Amino acid sequence: MYKLSNLINDLENVLQKTVGIEPISLRISNNPNFDFQINNLVKFQNHKDIKNIENLFSEIINNEILIKNFEITDTYFVNLEIDIDQFSNSFNKIKKYIKVQHPETVLLDYGGPNIGKPLHVGHLRSLNIGRSLYLIYELAGHNVLSDIHMGDWGMPIAQIITYIEEKKINFESIDIEDLEKIYPKASKLYSEDNKFNDLAQANNKRLNENDPKILKKWRKLKKISTKSIKETLETLNHNFDLWMGESDVNYLIPGMIQKLESEGKISLDDGAYVSNFVSDPKILITKSDGSYLYLTTDLATVLNRIKLNKIDKTLYIVDKRQNLHFEQLIKSLNYFGFGDEEYRHIAFGTINDLNGNPYKTREGDAKKLIDLFKETSLQIEKINSDLDSETNKILTNTVLTFSDLKTNRMTDYKFDLNKFTNISGKTGIYVQYALVRAKKLLKSSSINSSNINLKVSDLDENDLNLIRGLIKFEYYFNLALKNNEPHHLADYLYELSNLFNTMYQNENILENKEESIKLNKLKISEHFISYSTLLMECLGLEPVEKM
RNA sequence: GCUCUCGUAGCUCAAAUGGAUAGAGCAACAGACUUCUAAUCUGUAGGUUAUAGGUUCGAGUCCUAUCGAGAGCGCCA
């Protein structure tokens with residue numbers, strides 16, 4: 001924690017001189033009387049110098065002005081209570097405290113949507129998690145780039161084009177509805193009909209060889225698809241810095257293959273290039289007819305990115321079923337020596353229906369995101385028909401985002417629209433409501449809360465609980481940043497909202513006859529508003545003004 | 001067949017690197033509105049963390065086995 005970094009350093013120095021290098025981490029205290037705890041001493045409880053260490057710790061902590069009270073238990077848990085009086089002037093500097101010391105350039109690859117397929121429920125988590133990580137990294141001071149990374153190349157495209165050719169469909173009149181119907185039919189035919197399969201393979205090869213006739217058709221399809229995807233993204237309040245696709249790196253592949261072969265990193269196996277890196281299963285780089293695979297384009301994409309920008313870290317926000325692919329990709333990047341940047345697969349689980357099966361429409365197709373949006377919007381309208389359309393839209397996106405981000409990303413979870421739009425419970429609606437209440441409170445008070453100074457001696461239990469909740473911001477922010485896990489912040493936002501509601505509900509603040517108590521509560525509300533707003537920013541939620 | 005992931009309250013989910021008494025929400029039950037917005041709040045109840053062993057000061061977390069669930073396995077992405 002920023003404000004306590006000197007304390008942590010001093011304590012680490014003590015440990016280094018006695019038991020060796022031992023990085024200290026501050027955790028949230030289990031004991032309700034304290035704010036933070038340090039567990040590092042527990043494992044040294046039988047160490048010969050433990051009494052000495054305990055004394056040194058006590059002395060150092062005693063001198064820390066930010067610590068009001070502390071204890072070292074007989075099992076050597078160190079519990080710390082923050083001095084709110086000393087801490088309270090830090091609340092409005094939180095944005096400064098969460099900045100990292102060494103900013104990096106971070107690229108987020110969304111393993112994006114495919115041409116011909118609409119954005120569907122399967123894309124929701126990648127969008128939500130990606131956007132949240134983008135905002136978290138940005139708030140931490142990093143340089144962030146997002147790339148939708150369209151699936152605009154390879155077999156699926158060849159299948160669609162082949163289908164259109166075979167069925168003699170007029171290319172000029174095709175719209176997005178046609179395209180979305182063609183895709184599943186083409187892919188079905190591809191797996192069932194050998195002749196169609198051959199034709200599609202041939203088209204794929206032509207595509208890779210940049211045959212102008214097929215490229216023209218491809219361009220047309222890409223344009224239709226991109227337009228539709230952009231519309232949906234706009235509704236869902238998502239956007240991207242880069243709209244690169246697999247097609248953008250096609251031209252790099254022949255040179256890449258040649259170079260890898262001459263370096264002895266890959267070799268032919270039944271006509272296909274295979275990595276010489278020993279692994280099971282073997283890593284296939286190209287198909288036996290020379291055409292390219294998922295991995296081929298992903299490798300070339302990295303080469304392309306290195307060429308265009310200096311990137312320190314690449315995060316692939318793609319579902320966990322593609323684990324093997326990214327394992328192979330990262331192994332290959334290292335083995336081929338494509339730069340020493342950091343690459344990570346930010347995997348996530350699937351969204352399932354109430355029976356635990358992948359979320360589908362009644363017809364068995366993947367459910368379109370735009371339809372999910374409409375259904376959710378309708379549900380919110382049913383609950384409150386007085387909302388203007390803009391507020392309804394923001395609340396709809398809040399529901400679709402918060403319900404998604406509150407679960408650990410690796411967990412498969414069940415999407416339950418009724419539950420997620422429920423008027424009570426741990427929902428996006430709830431956190432919005434708490435913030436609206438707080439803002440209305442300050443407005444009704446007609447007092448400029450920035451001029452208020454907290455009077456700590458007059459704080460009651462509810463006030464203290466909320467303030468001590470606010471102190472944990474850095475902890476949860478860093479946890480989310482370090483582990484690429486936004487759900488910690490979603491959970492924390494609920495916790496703060498709940499603490500605020502408890503304070504708010506307990507008594508009528510504006511009618512409190514004790515002026516200092518009233519002012520205290522207004523000041524705390526002001527802090528809550530700024531923290532809640534900041535957390536919403538981290539999660540990609542837009543606050544509503546009324547609801 | 002091989003590899004990987006998972007199993008926590010009736011249900012849906014938390015619990016960073018192993019740390020103190022495993023926490024929330026929903027549902028259930030009992031209370032609080034002539035209101036600063038009750039889309040809220042307070043309280044009660046709910047657990048042998050799938051099972052059996054092991055590692056150690058300490059295990060939901062690590063190891064082994066068993067049972068159960070899911071996913072992935074060169075020429076889709």
Side-chain angles (χ1 to χ4, degrees), chain A residues 23 25 27-31 37 39-40 42-46 73 75-77 79 111 114 117 151 153-156 159 187 190-191 201 246 269-275 280-289 291-295 297-298 318-325 327-328 347 349-350 352 354 356 383-384 395 406-408 410-414 416 418-427 429-430 432-434 436-438 440-445 475 478-480 482-483 485 487-488 491 494-495 498 501-512 521-522 525 546-547:
Chain A
S25 60
R27 327 182 109 200
I28 304 293
S29 181
N30 288 347
N31 186 327
Q37 66 181 46
N39 297 346
N40 299 67
V42 181
K43 60 177 147 183
F44 299 112
Q45 59 184 266
N46 294 325
T73 68
T75 45
Y76 296 97
F77 285 95
N79 289 315
N114 288 354
K117 268 204 242 177
W153 204 247
M155 276 318 300
Q159 289 168 15
S187 119
Y190 179 79
S191 57
Q201 296 280 1
E246 296 172 347
D269 185 342
D270 289 337
Y273 278 107
V274 172
S275 172
D280 182 34
K282 281 197 247 177
I283 301 174
L284 192 64
I285 306 293
T286 69
K287 301 209 282 191
S288 46
D289 69 352
S291 58
Y292 310 142
L293 291 157
Y294 190 16
L295 188 60
T297 44
D298 265 2
V318 181
D319 85 84
K320 67 183 179 189
R321 286 172 299 186
Q322 297 189 33
N323 230 320
L324 182 61
H325 168 74
E327 206 180 288
Q328 292 187 333
T350 53
N352 294 331
L354 296 180
I383 295 164
N384 185 348
L395 288 179
K406 77 172 179 182
T407 306
N408 183 322
M410 287 301 276
T411 307
D412 298 335
Y413 76 91
K414 294 181 179 172
D416 184 341
N418 285 326
K419 202 173 90 183
F420 292 163
T421 52
N422 200 340
I423 53 172
S424 59
K426 195 187 275 189
T427 64
I429 301 288
Y430 179 96
Q432 289 276 16
Y433 180 66
V436 166
R437 272 180 144 182
K440 183 72 186 302
L441 174 66
L442 281 196
K443 218 170 163 187
S444 311
S445 74
Y475 172 83
N478 288 329
L479 191 58
K482 186 179 168 200
N483 298 334
E485 290 175 342
H487 76 278
H488 299 291
D491 210 51
Y494 174 80
E495 185 188 320
N498 185 226
N501 270 333
T502 302
M503 180 188 86
Y504 179 94
Q505 189 80 23
N506 189 52
E507 60 178 276
N508 190 313
I509 294 167
L510 295 183
E511 285 175 14
N512 196 311
K521 287 177 186 288
L522 290 174
S525 301
K546 58 179 193 303
M547 61 185 279

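Here the structure is a predicted model, which is why all the values come from computation and not from measurement. Throughout, protein chains are lettered first and strands after them, A, B, ... in sequence-line order, and every chain is numbered starting at 1.
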Visitor: Could you tell me if the side chain of A/His487 sits less than 4.5 Å from the side chain of A/Met410, heavy atoms only?
Guide: no

Visitor: Given the C1' atoms of B/U49 and B/U3, what is the spacing between them in whole Å?
Guide: 26 Å

Visitor: Given the P atoms of B/U56 and B/U61, what is the spacing between them in whole Å?
Guide: 16 Å

Visitor: Hey, is the main chain of A/Leu510 close enough, under 3.5 Å, to the side chain of A/Asn508 for a donor-acceptor pair?
Guide: yes

Visitor: For B/C36, take OP1 and OP2 only and decide whether either is under 4.0 Å from a side-chain N or O of A/Asn508.
Guide: yes

Visitor: If you round to the nearest 0.5 Å, how far is CD1 of A/Ile285 from CD of A/Gln328?
Guide: 8.0 Å

Visitor: So, taking the atom named OH in A/Tyr76 and the one named CG in A/Asn46, what distance separates them when rounded to the nearest 0.5 Å?
Guide: 9.0 Å

Visitor: Please list, for nucleotides 73-77 of chain B, all pairs of protein and nucleotide N/O atoms separated by less than 3.5 Å.
Guide:
{"residue": "B/G74", "atom": "O6", "partner": "A/Asp269", "partner atom": "OD2", "Å": "2.8"}
{"residue": "B/G74", "atom": "O6", "partner": "A/Lys282", "partner atom": "NZ", "Å": "3.2"}
{"residue": "B/C75", "atom": "O2", "partner": "A/Ser288", "partner atom": "N", "Å": "2.5"}
{"residue": "B/C75", "atom": "O2", "partner": "A/Ser288", "partner atom": "OG", "Å": "3.1"}
{"residue": "B/C75", "atom": "N3", "partner": "A/Ser288", "partner atom": "OG", "Å": "3.0"}
{"residue": "B/C76", "atom": "OP2", "partner": "A/Tyr190", "partner atom": "OH", "Å": "3.3"}
{"residue": "B/C76", "atom": "OP2", "partner": "A/Gln201", "partner atom": "NE2", "Å": "3.2"}
{"residue": "B/C76", "atom": "OP2", "partner": "A/Lys287", "partner atom": "NZ", "Å": "2.7"}
{"residue": "B/A77", "atom": "OP2", "partner": "A/Tyr294", "partner atom": "N", "Å": "3.3"}
{"residue": "B/A77", "atom": "O3'", "partner": "A/Glu246", "partner atom": "OE1", "Å": "3.1"}
{"residue": "B/A77", "atom": "O3'", "partner": "A/Glu246", "partner atom": "OE2", "Å": "2.9"}

Visitor: Rounding to an integer number of Å, can you tell me how far A/Phe77 CZ sits from B/G18 P?
Guide: 14 Å

Visitor: When the P atoms of B/G19 and B/A59 are considered, how many whole Å apart are they?
Guide: 11 Å

Visitor: Using atom P in both nucleotides, what's the gap between B/C13 and B/G1 to the nearest angstrom?
Guide: 29 Å

Visitor: How is A/Asp298 classified with respect to the nucleic acid when contacts are heavy atoms under 4.0 Å: base, sugar-phosphate, or nothing?
Guide: nothing

Visitor: Hey, does A/Thr350 reach any base, or is it just sugar-phosphate, or nothing, if we go heavy atoms under 4.0 Å?
Guide: nothing

Visitor: Please list, for nucleotides 11-13 of chain B, all pairs of protein and nucleotide N/O atoms separated by less than 3.5 Å.
Guide:
{"residue": "B/U12", "atom": "OP1", "partner": "A/Lys414", "partner atom": "NZ", "Å": "2.7"}
{"residue": "B/U12", "atom": "O2'", "partner": "A/Lys419", "partner atom": "NZ", "Å": "2.8"}
{"residue": "B/C13", "atom": "OP1", "partner": "A/Asp412", "partner atom": "O", "Å": "3.2"}
{"residue": "B/C13", "atom": "OP1", "partner": "A/Lys414", "partner atom": "N", "Å": "3.0"}

Visitor: Verify, without hydrogens or angle tests, whether A/Lys521 (side chain) and A/Met503 (backbone) share a donor-acceptor contact under 3.5 angstrom.
Guide: no

Visitor: Spell out, as yes or no, whether a donor-acceptor pair under 3.5 Å connects the side chain of A/Asp491 to the backbone of A/Lys406.
Guide: no

Visitor: Taking the same atom, P, in B/G23 and in B/U44, what whole-Å distance lies between them?
Guide: 14 Å

Visitor: Determine whether any donor atom in the side chain of A/Gln37 lies under 3.5 Å from an acceptor atom in the base of B/A20, or the reverse, and answer yes or no.
Guide: yes

Visitor: Can you run through RNA chain B from 5' to 3' and write each base as (, ), [, ], | or . depending on how it pairs? Watson-Crick or G-U wobble, both distances under 3.5 Å.
Guide: (((((((..((((.....[...)))).(((((.......))))).....(((((..]....))))))))))))....

Visitor: Supply the atom-to-atom distance A/Glu246 CD to A/Leu293 CG, rounded to the nearest 0.5 angstrom.
Guide: 10.5 Å

Visitor: Report the distance from atom CZ of A/Arg27 to atom C1' of B/A14, rounded to the nearest whole Å.
Guide: 15 Å

Visitor: With sequence neighbours excluded, what pairs up with A/Tyr294 under the ring-ring contact (aromatic ring centres under 6.0 Å, His included) test?
Guide: A/His325

Visitor: Whether A/Asn39 contacts B/G19 is assessed here as follows: a side-chain N or O lying under 4.0 Å from the phosphate OP1 or OP2. Is that the case?
Guide: no

Visitor: Rounded to whole angstroms, how far apart are CG on A/Asn40 and P on B/A16?
Guide: 15 Å

Visitor: Between atom CD in A/Gln45 and atom P in B/U56, what is the gap in whole Å?
Guide: 15 Å

Visitor: A/Ser291 side chain to A/Lys287 main-chain N or O, any donor-acceptor pair under 3.5 Å?
Guide: no

Visitor: Mind checking the C1' distance from B/U51 to B/A69? Whole angstroms is fine.
Guide: 15 Å

Visitor: Please confirm whether the backbone N or O of A/Val274 pairs with a side-chain atom of A/Lys282, one donor and one acceptor, at under 3.5 Å?
Guide: no

Visitor: Please determine, for the side chain of A/Ser25, which listed nucleotide (B/A20, B/C36, B/U17) has the closest atom?
Guide: B/U17

Visitor: Which comes earlier along RNA chain B counting from the 5' end, the contact point of A/Asp491 or that of A/Lys426, where each point is its nearest nucleotide?
Guide: A/Asp491

Visitor: Could you tell me whether the side chain of A/Ser29 and the main chain of A/Asn31 form a donor-acceptor pair under 3.5 Å?
Guide: yes

Visitor: Measure centre to centre between the rings of A/Tyr430 and A/Tyr494, then say whether the value is under 6.0 Å.
Guide: yes

Visitor: In this structure, how many angstroms lie between the C1' atom of B/G19 and the NZ atom of A/Lys43, rounded?
Guide: 10 Å

Visitor: Measure CG/A/Asn384 against P/B/U40 and give the value in whole Å, please.
Guide: 13 Å

Visitor: Nearest whole Å is fine: how far is B/G70 C1' from A/Asp319 CG?
Guide: 13 Å

Visitor: Whole Å only: how far is the CG atom of A/Leu479 from the C1' atom of B/A14?
Guide: 12 Å

Visitor: For nucleotides 41-43 of chain B, print each protein N/O atom paired with a nucleotide N/O atom at under 3.5 Å, atom names and distance only.
Guide:
{"residue": "B/C41", "atom": "OP1", "partner": "A/Tyr430", "partner atom": "OH", "Å": "2.2"}
{"residue": "B/C41", "atom": "OP1", "partner": "A/Asn498", "partner atom": "ND2", "Å": "2.9"}
{"residue": "B/C41", "atom": "O3'", "partner": "A/Thr502", "partner atom": "OG1", "Å": "3.4"}
{"residue": "B/U42", "atom": "OP1", "partner": "A/Thr502", "partner atom": "OG1", "Å": "3.1"}

Visitor: Verify, without hydrogens or angle tests, whether A/Ser525 (side chain) and A/Ala438 (backbone) share a donor-acceptor contact under 3.5 angstrom.
Guide: no

Visitor: Using a 3.5 Å distance criterion without hydrogens, assess whether the side chain of A/Gln37 forms a donor-acceptor pair with backbone atoms of A/Phe77.
Guide: no

Visitor: Would you mind telling me which residue lines up with the more 5' stretch of RNA chain B, A/Met503 or A/Asn483, judged by nearest nucleotide?
Guide: A/Asn483

Visitor: Take A/Leu441 and A/Leu522 through the test side-chain contact (heavy atoms from CB on, under 4.5 Å) and record every step on the way to the result.
Guide: CA-CA 8 Å; A/Leu441 174 66; A/Leu522 290 174; 3.9 Å; yes

Visitor: Which part of the nucleic acid, if any, lies within reach of A/Met410 when heavy atoms closer than 4.0 Å are counted: base, sugar-phosphate only, or nothing?
Guide: nothing

Visitor: Looking only at atom P, what distance separates B/C62 and B/G7, rounded to whole Å?
Guide: 9 Å

Visitor: Which whole number of Å gives the distance between the P atom of B/A50 and that of B/U12?
Guide: 15 Å

Visitor: Taking salt bridge (charged side-chain N to carboxylate O under 4.0 Å, His left out) as the test, write out the residues that go with A/Arg321, two or more places apart.
Guide: A/Asp319

